[in-house]
Amino acid sequence: MKHIITNNFEETQKLGEHFAQQLRGGEVVALYGNLGSGKTTFMQGLAHGLGIKRDIISPTFIIMRTYEIKEKGKSVKGEVLKNLYHVDLYRIESEDDVESLGLLEPLNQPENIVAIEWPDKIENILPEKRIDIYFEYLEGDKRQITIG
Ligand code: ADP
Ligand code: MG
């Protein structure tokens, strides 16, 4: 467990960007924490760290956004990273919705990275092999981020 305190949104983006460097493909990243705790802000940095130039907007209303990764030669076992899936389950009512929407199909494919906000909503069907990150609101612009 690593606890980090960030003092403003830029520091949280930087942390996401730095975290992206350890991703090799096939990871599932679960982002826990209340509204406004910094999950999407972290994702902006993470996407940037993967070489994604598009703006990262919260997928709250559409549940999932797909970003193509065209990173400078980022590859594992000869496989080039293909897509970053950014999922936001805030509006999901049940695990059945997630299954019927096919939201979990990109999981655990070696060429994809899947990051999920509000993963607690599907705790029974979340893959066990994943990286958990917890976001906590401290006072003002401070956030505590725990990478498990
Ligand atoms: P979430 O996705 O968890 O609901 P967002 O990342 O969308 O949260 O929103 C976080 C909000 O808090 C943004 O408006 C951001 O600018 C602001 N903010 C202030 N300080 C921080 C910080 N240290 N880390 C992340 N966001 C911060
Ligand atoms: Mg969000």
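Every number for a ligand or one of its atoms is a count from 1 in the order of the listing.
A distance-only check finds a donor-acceptor pair linking the side chain of Lys39 to the backbone of Gly33 [under 3.5 Å]. In this structure a side-chain-to-backbone donor-acceptor pair under 3.5 Å is missing from Glu123 to Pro119. Side chain of Lys121 to main chain of Tyr90: a donor-acceptor pair is present (N/O by atom type, distance under 3.5 Å, no hydrogens or angles). With hydrogens and angles ignored, the 3.5 Å screen pairs no side-chain donor or acceptor of Gln22 with any backbone N or O of His18. A distance-only check finds no donor-acceptor pair linking the side chain of Glu27 to the backbone of Leu23 [under 3.5 Å].
Near Thr12, meaning under 4.0 Å from one of its heavy atoms, ligand 1 places the atoms 22 (C), 23 (N), 24 (N), 25 (C). Of all the atoms in ligand 1, the ones that sit under 4.0 Å from a non-hydrogen atom of Asn34 are 3 (O). Those atoms of ligand 1 with a heavy atom of Glu117 less than 4.0 angstrom away are 2 (O).
Distances shorter than 4.0 angstrom occur between a heavy atom of Gly36 and an atom of ligand 1. Within the 4.0 Å heavy-atom cutoff, Gly33 does not count among the residues contacting ligand 1.
Aromatic pair Tyr32/Phe135: centroids not less than 6.0 angstrom apart.
Note: an N/O pair closer than 3.5 Å links Thr40 and ligand 1 by distance alone. Ligand 1 has no N or O atom lying under 3.5 Å from any N or O atom of Leu35, backbone or side chain. Residue Lys142 has no N or O atom closer than 3.5 Å to an N or O atom of ligand 1.
At a distance under 4.0 Å, a protein heavy atom can be found next to atom 24 (N) of ligand 1.
For the Mg ion (ligand 2), the nearest N, O or S atom contributed by Glu117 is named OE1.
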| field | Arg143 vs Glu11, side chain to side chain contact (heavy atoms under 4.5 Å, CB included): CA-CA, chis, key distance, verdict | value | CA-CA 10 Å; Arg143 305 287 188 273; Glu11 286 184 18; over 6 Å; no
| task | Applying side chain to side chain contact (heavy atoms under 4.5 Å, CB included), run through Tyr85 and Arg65 and close with a yes or a no. | result | CA-CA 6 Å; Tyr85 293 91; Arg65 277 183 194 276; over 6 Å; no
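Considering every non-hydrogen atom in both Gly25 and Leu81, the closest pair reads CA-CD2, 3.3 Å. Taking every heavy atom of both residues into account, Glu117 and His86 meet most closely at OE2-NE2, 2.7 Å. The two atoms that bring Asp88 and Thr60 nearest to each other are OD2-OG1, 2.8 Å, heavy atoms only.
Summary of contacts: the protein heavy atom closest to atom 8 (O) of ligand 1 is Gly38 N, 3.2 Å. Counting only heavy atoms of the protein, atom 20 (N) of ligand 1 lies nearest to Asp141 O, 3.2 Å. In terms of protein heavy-atom proximity, atom 5 (P) of ligand 1 is closest to Thr41 OG1, 3.7 Å. Considering only non-hydrogen protein atoms, atom 12 (O) of ligand 1 sits nearest to Arg143 NH2, 3.1 Å. Nearest protein heavy-atom contact of atom 16 (O) of ligand 1 is Phe9 CB, 3.6 Å.
Distance check for Tyr90 against the Mg ion (ligand 2): none of its N/O/S atoms falls below 2.8 Å.
Only backbone heavy atoms of Asn8 (N, CA, C or O) come within less than 4.0 Å of ligand 1; its side chain stays farther off.
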